[in-house]
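Structure first, commentary second.
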Amino acid sequence: MKLTTAYYQHTDVVALAPTFLGKVLVTVIDGELTSGVITEVEAYAGVNDKACHAHMKKVTARNIVMYEPGGCLYAYLCYGIHTLMNIVTNQANQADAVLIRGIEPVDGLAVMEQRRGKTSGRDFANGPGKLSQALGASPALTGMSLQSDVVWLEDRGIEPPTDFQKLKRVGIDYAGEDANLLWRFKVNTLFGERGHKAWCNKL
DNA sequence: TATAAGATTTACT
DNA sequence: GTAAATCTTATAT
């Protein structure tokens, strides 16, 4: 079942982010349903976070959607090549978001392999640009409600992992001391071929 | 209008 | 381990 709007509007994004681990991210693009279990996320905490696009209440055409109430998608292009998928959280005008950094494929594997131009296995969707490509996501999805039938998160009854690592966020060296915050959450044990089977057995 | 930099990935040495 | 690919966005003239 889809996660509710109230779930996304939790006011503490750093506490909320690790609860996305084990949830299933689903997209329906061009009539093809694809999905994957979330294995890695990062929290971005609005105006007080130097690494966040909304730091210092900055508002641009790109990041305006971060100020919406929690429960919609923020997808943008990075390095001109890669789409990065974020879940907007918290209340209106609280510009928090959770970056999805890794998934394990579940549904529509053949479609995802075609989009990626690779066969599945280790390193198939363990990066924000990779999983977005696999799921067919593009910046055009920005602002889409997670209650829509295009993109959403599902709870399929997987126990929230307790053995995740807390790590420094990556790729944000420009953020000064905020680059040292342990706001990246990664599941350790369920990666690669073995991990994929372990997830599917639970679903 | 022009320029610099980026929440990355991939290939190559 | 290092560097290239690649283009939108943001900021400065």
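Here is how names work: the chains are called A, B, and so on, in the same order as the sequence lines, proteins then strands, and each is numbered from 1.
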- Task: Return the value, rounded to whole Å, for the distance between atom CG of Leu77(A) and atom C1' of dT6(C).
- Result: 9 Å
- Check every strand shown and say whether Ile81(A) touches a base, only sugar-phosphate, or nothing at a heavy-atom separation below 4.0 Å. base
- Query: Taking for each residue the nucleotide of DNA chain B bearing the nearest heavy atom, is the 5' side occupied by Lys118(A) or by His53(A)?
  - Reply: His53(A)
- Message: Would you say that more than 12 heavy atoms from the other residues, nucleotides or ligands in this model lie under 6.0 Å from the CG of Asp30(A), or not?
- Response: no
- Query: Arg184(A) near the nucleic acid: base, sugar-phosphate alone, or nothing, with a heavy-atom cut-off under 4.0 Å?
  - Reply: nothing
- Message: Under 4.0 Å, heavy atoms only, any strand: does Arg101(A) hit a base, just the sugar-phosphate, or nothing?
- Response: sugar-phosphate
- Message: Consider side chain to side chain donor-acceptor pair (under 3.5 Å). Of Arg115(A), Arg116(A), Lys118(A), which one does Gln133(A) pass it with?
- Response: Arg116(A)
- Query: Quick one: does Thr27(A)'s side chain have a donor or acceptor within less than 3.5 Å of a partner on Leu135(A)'s backbone?
  - Reply: yes
- Query: Ion pair present between Asp107(A) and Arg156(A), side-chain N to carboxylate O less than 4.0 angstrom?
  - Reply: yes
- Message: Around atom NZ of Lys2(A), are there more than 12 heavy atoms from other residues, nucleotides or ligands closer than 6.0 Å?
- Response: yes
- Task: Give me the first and last nucleotide of DNA chain B, going 5' to 3', that has any atom under 4.0 Å from a heavy atom of chain A.
- Result: dG6(B) to dT10(B)
- Message: What I want to find out is whether Asp49(A) reaches Arg169(A) closely enough, with some N-O distance under 4.0 Å, to be called a salt bridge.
- Response: yes
- Message: Within the 4.0 Å heavy-atom criterion, would you say Ile172(A) contacts the bases, only the backbone, or no part of the nucleic acid?
- Response: sugar-phosphate
- Query: So, Asp12(A) side chain and Ala15(A) main chain: donor-acceptor pair closer than 3.5 Å or not?
  - Reply: yes
- For DNA chain C, the dot-bracket notation using Watson-Crick and G-U wobble pairs below 3.5 Å, [ ] for pseudoknot-type crossings and | for other-strand pairs, is |||||.||||||.
- Message: With a 3.5 Å distance limit and no angle check, can you tell me whether Glu32(A) reaches the backbone of Gly108(A) through a side-chain donor-acceptor pair?
- Response: no
